[in-house]
Peer 1: 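The structure that follows is given in the form of structure tokens.
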Number of protein chains: 2
Amino acid sequence: MVNIKDIAKQAGMSPSTVSRVVNGKKYVNSEKRALILKLIEETDYVPDKAARSMVLRRTYTVGIVIPDTFNMFQRQLFSIIEHQLESFGYHTLFFFVKSEGASEDECLNRLKGEKLDGVIMMHEIRNPRFYEYLIRVGLPAVLATFDHEGSDIPSIHVNEEQGAFDAVLHLVNLGHKKMNIISGSASSFGRQRTEGYFRALETAGIERDESRLILTKSYTAEAGMYGMRDMLLRNPDFTAVFAVTDELAIGAIRVLEDEGFRVPEDISVIGFDDIDISSYIVPRLTTIRQPLADMGERTATLSHTHAQMHNQGKRS
Amino acid sequence: MVNIKDIAKQAGMSPSTVSRVVNGKKYVNSEKRALILKLIEETDYVPDKAARSMVLRRTYTVGIVIPDTFNMFQRQLFSIIEHQLESFGYHTLFFFVKSEGASEDECLNRLKGEKLDGVIMMHEIRNPRFYEYLIRVGLPAVLATFDHEGSDIPSIHVNEEQGAFDAVLHLVNLGHKKMNIISGSASSFGRQRTEGYFRALETAGIERDESRLILTKSYTAEAGMYGMRDMLLRNPDFTAVFAVTDELAIGAIRVLEDEGFRVPEDISVIGFDDIDISSYIVPRLTTIRQPLADMGERTATLSHTHAQMHNQGKRS
DNA sequence: CTGAAAGCGCTTACAG
DNA sequence: CTGAAAGCGCTTACAG
């Protein structure tokens with residue numbers, strides 16, 4: 001691997017000059033610049049990132065912490081964030097945190113070893129030490145799709161409770177009095193959407209019935225199948241179902257159809273997220289839209305702004 | 001941020017000793033070790049990754065190059081690879097390459113700046129300079145799900161042509177004489193699966209009919225919808241369709257049902273990949289299975305083995 | 001068992 | 001406009 005000294009030697013100049021050319025600084029004789037550029041081209045030289053970030057004391061890299069079982073919504077969201085971040089000149093480093101084991105702690109440790117310019121949390125970490133760390137070292141952080149009580153880490157998310165409330169109330173107004181719900185308690189969005197569901201029913205004067213609530217461990221299509229099977233056993237007297245994610249809804253519909261129900265003729269199903277795939281499944285899934293692109297761009301921009309503030313003074 | 005000198009100072013020892021403790025070397029007085037460990041714990045010290053990889057001349061990191069529009073199959077595959085790599089002690093760095101622009105070149109440049117232990121290509125890069133570079137610098141590389149003619153970079157993939165051949169022949173033997181195909185030409189797997197389709201028909205003595213082939217730009221559900229609409233206009237005289245990916249099949253089925261066809265009663269649809277979602281769509285999609293877990297583990301193991309060989313001699 | 005010293009590859013004041 | 005020098009945070013022979 002060729003390094004800056006090699007280039008300098010070949011050019012008959014000092015590493016300082018090569019560095020200036022590489023970094024596009026002014027005050028370099030244009031003939032020398034041309035020669036160095038030619039040498040760089042020929043030798044395929046690229047500055048070593050580790051050495052560079054060592055002296056610069058930063059990496060121009062933003063970390064994204066995301067569950068390794070990320071769903072379609074999260075996948076689309078991080079894509080947008082990554083693009084946007086790139087346009088701001090950052091690279092992205094993904095931390096996929098596993099659900100089992102000490103993965104959160106490992107993730108935190110890796111985070112500490114990197115000199116990140118910022119971090120975007122798309123995973124609702126439970127370990128409070130994680131947030132404490134972010135705050136203590138002043139690492140610019142943004143929480144995407146959830147917030148963290150008690151700290152003032154900025155977060156970007158929709159009003160989950162209100163979204164669910166509106167959707168459920170709409171169905172009720174359409175005449176559905178017996179509406180079940182498939183939800184999960186692992187994430188705050190699941191709990192909040194459930195609250196919205198209950199509030200809507202209450203508003204409509206429908207008695208609260210806990211047997212209409214099925215809680216699943218995750219928010220996948222598979223969980224939706226289990227959830228719906230459970231529901232058909234526990235409380236099959238319903239005409240509509242609110243699945244708190246599109247993927248839960250997809251699984252639920254599958255089981256309903258297998259059992260001979262027609263959707264939406266016999267049973268209405270409504271989801272939440274508006275992931276791409278939802279318009280491809282048959283029958284079409286009704287869903288609550290999250291403003292994906294907008295959320296992604298805001299997250300990236302916020303992260304960028306924070307990182308800039310945090311790094312001001314470190315520059316030349 | 002606390003560094004190794006801070007710890008050394010607080011402990012009243014040299015950085016050398018602290019380093020030995022951090023790296024679990026022998027020959028450290030156990031009381032001193034205990035004190036240092038305590039200090040590390042208290043101060044939240046984690047060695048700076050950049051400094052470390054600078055002197056070690058390696059990063060214990062494997063890069064994964066993947067299209068930013070990765071499909072479900074690729075998503076499941078990289079998850080498995082990442083897990084496996086982690087169990088070998090590697091971190092994973094993702095390079096999402098965009099379809100437009102000079103993204104491949106940028107990706108190559110970033111690659112050069114990192115001291116990766118290896119790279120796994122899940123994206124079929126076109127630029128031959130990319131492969132030349134990998135070979136020239138001896139960066140251990142593995143191609144996942146495709147291969148590269150003319151070089152001996154190891155690759156892991158199924159026999160695409162044969163898989164398609166078997167599936168199509170099976171349908172023909174079931175009585176389907178009029179079978180169309182939706183494919184793409186962007187990736188070699190698309191071309192190979194198409195070849196398998198044609199060979200199967202030939203084997204069955206069915207005349208080659210190019211009008212039964214619809215080529216799409218990508219392999220997504222959306223492309224599948226466009227493809228099927230096109231097909232219904234161009235050559236609607238068919239009883240079966242081979243979509244070369246599950247996602248194409250999902251889009252195709254959607255259009256067929258919208259147009260009043262029943263699947264599979266009126267039209268049989270077969271996909272390829274066996275992604276998780278395929279069993280959740282209604283009707284169930286018939287598909288050709290790729291041995292996902294096996295492929296992922298082989299890829300990671302191969303990458304690990306190469307990296308080890310490549311790095312032998314660099315260790316202490 | 002331990003520490004001083006050198007060096008990994010870069011950048012950036014500083015002094016011409 | 002240019003180069004010698006210092007320093008980023010670490011690890012590892014080397015010499016005790």
Side-chain angles (χ1 to χ4, degrees), chain A residues 1-37 39-40 43-61 112-117 137 311 313-316, chain B residues 1-37 39-40 43-60 109 112-117 137 311 313-316:
Chain A
M1 285 277 59
V2 33
N3 64 27
I4 200 171
K5 278 189 188 170
D6 299 328
I7 304 283
K9 199 174 297 172
Q10 288 179 44
M13 298 170 221
S14 73
S16 315
T17 303
V18 177
S19 175
R20 289 193 187 94
V21 171
V22 169
N23 293 293
K25 306 273 185 189
K26 295 177 184 172
Y27 311 127
V28 178
N29 176 299
S30 62
E31 287 181 15
K32 296 194 175 183
R33 160 169 278 130
L35 173 57
I36 290 175
L37 249 19
L39 254 20
I40 288 176
T43 57
D44 240 351
Y45 169 69
V46 173
D48 182 275
K49 205 184 131 197
R52 200 147 194 283
S53 78
M54 167 132 253
V55 25
L56 258 24
R57 311 182 68 72
R58 59 180 299 197
T59 54
Y60 295 92
T61 298
K112 289 177 186 168
E114 314 268 354
K115 286 198 199 69
L116 295 179
D117 281 28
V137 307
N311 281 296
K314 285 195 189 173
R315 323 288 185 71
S316 57
Chain B
M1 285 276 61
V2 32
N3 64 27
I4 200 169
K5 278 188 189 172
D6 299 328
I7 304 283
K9 199 174 298 173
Q10 288 179 43
M13 298 169 220
S14 73
S16 315
T17 304
V18 178
S19 175
R20 290 192 187 96
V21 171
V22 169
N23 292 293
K25 305 274 186 189
K26 295 178 185 172
Y27 310 126
V28 178
N29 177 299
S30 62
E31 287 182 16
K32 295 193 176 184
R33 160 169 279 131
L35 173 57
I36 290 175
L37 249 18
L39 253 21
I40 289 177
T43 56
D44 239 351
Y45 169 70
V46 173
D48 182 276
K49 205 184 131 198
R52 199 148 196 283
S53 78
M54 167 131 253
V55 25
L56 258 24
R57 312 182 67 72
R58 59 181 299 199
T59 54
Y60 294 93
N109 266 325
K112 288 176 186 168
E114 314 268 354
K115 287 197 197 72
L116 295 179
D117 281 28
V137 307
N311 281 295
K314 285 195 191 173
R315 323 289 185 71
S316 56

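Chain A is the first sequence line, chain B the second, and so forth, proteins listed ahead of strands; every chain is numbered from 1. Computed from a predicted structure; not experimentally measured.
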Peer 1: With the side chain of Ser19(B) defined as its heavy atoms from C-beta on, choose the nearest nucleotide among dG9(C), dG9(D), dT11(D).
Peer 2: dT11(D)
Peer 1: Establish, with yes or no, whether the OP1 or OP2 oxygen of dG3(C) is under 4.0 angstrom from a side-chain nitrogen or oxygen of Thr17(B).
Peer 2: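 Indeed, a polar side-chain atom of Thr17(B) lies that close.
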Peer 1: When rounded to the nearest 0.5 angstrom, what distance separates OG1 in Thr59(B) from CZ in Arg57(B)?
Peer 2: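 Atom-to-atom, Thr59(B):OG1 and Arg57(B):CZ are 12.5 Å apart.
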Peer 1: Less than 4.5 Å apart, side chain to side chain, heavy atoms only: is that true for Arg58(B) and Leu116(B)?
Peer 2: no
Peer 1: Separation of Lys49(A) atom NZ from dC8(C) atom C1', in whole Å?
Peer 2: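 So the NZ-C1' distance, Lys49(A) to dC8(C), works out to 17 Å.
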Peer 1: Roughly how many Å is it from CG in Asp48(B) to P in dC8(D), rounded to a whole number?
Peer 2: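 Between P of dC8(D) and CG of Asp48(B): 12 Å.
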Peer 1: Rounded to the nearest angstrom, tell me the gap between atom NZ in Lys5(B) and atom C1' in dT11(D).
Peer 2: 14 Å
Peer 1: Please check if the side chain of Asn23(B) supplies one atom and the backbone of Arg20(B) the other of a donor-acceptor pair under 3.5 Å.
Peer 2: no
Peer 1: How far, in whole Å, is dT12(D) from dG16(D) if one measures between their C1' atoms?
Peer 2: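 It comes out at 16 Å once rounded to the nearest Å.
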Peer 1: Measure the distance from CG on Asn23(A) to C1' on dA13(C) and round it to the nearest whole Å.
Peer 2: 15 Å
Peer 1: Identify the nucleotide, in any strand shown, that forms a Watson-Crick or G-U wobble pair with dA13(C), with both distances under 3.5 Å; if there is none, say none.
Peer 2: none
Peer 1: So, for Met1(A) and Asp6(A), which heavy atoms are closest and what is the spacing to 0.1 Å?
Peer 2: O-OD2, 4.0 Å
Peer 1: Sticking with atom P, work out how far dC14(C) lies from dC10(C), rounded to a whole angstrom.
Peer 2: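 So the two P atoms sit 24 Å from each other.
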Peer 1: More 5' along DNA chain C: Arg20(B) or Val55(B), using each one's nearest nucleotide?
Peer 2: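 Nearest-nucleotide comparison on DNA chain C picks Arg20(B).
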Peer 1: Could you say whether Ser14(A) or Met54(B) is positioned toward the 5' end of DNA chain D, judged by the nucleotide with the nearest heavy atom to each?
Peer 2: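 Result: Ser14(A).
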Peer 1: Is Lys25(A) near enough to dT11(C) that one of its side-chain N or O atoms lies under 4.0 angstrom from OP1 or OP2?
Peer 2: no
Peer 1: What pair of heavy atoms forms the shortest contact from Arg33(A) to Val21(A), and how long is it?
Peer 2: CA-CG2, 4.0 Å
Peer 1: Expressed as a whole number of angstroms, how long is the span from Arg58(A):CZ to dG9(D):P?
Peer 2: 16 Å
Peer 1: Starting at atom CZ of Arg33(B), determine the distance to atom C1' of dT2(C), rounded to an integer number of angstrom.
Peer 2: 13 Å
Peer 1: Report the distance from atom CD of Glu114(A) to atom P of dG9(D), rounded to the nearest whole Å.
Peer 2: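 Between P of dG9(D) and CD of Glu114(A): 16 Å.
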Peer 1: Find the distance Arg57(A):CZ to dT11(C):P and express it as a whole number of Å.
Peer 2: 15 Å
Peer 1: How do Lys26(A) and Pro15(A) order along DNA chain D: which one's closest nucleotide is nearer the 5' end?
Peer 2: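 Counting from the 5' end, the first nearest nucleotide belongs to Lys26(A).
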Peer 1: When you measure from the side chain of Met13(A), which nucleotide among dG3(D), dG9(C), dT2(C) comes out closest?
Peer 2: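 Nearest listed nucleotide: dG3(D).
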Peer 1: Which nucleotide, in any strand shown, forms a Watson-Crick or G-U wobble pair with dA4(D), with both distances under 3.5 Å?
Peer 2: none
Peer 1: Reckon Ser16(B) touches a base, only the sugar-phosphate, or nothing at all at heavy-atom distances under 4.0 Å?
Peer 2: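 Touches a base.
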Peer 1: Within the pair Tyr27(B) and dG16(D), is there a side-chain N or O less than 4.0 Å away from OP1 or OP2?
Peer 2: no
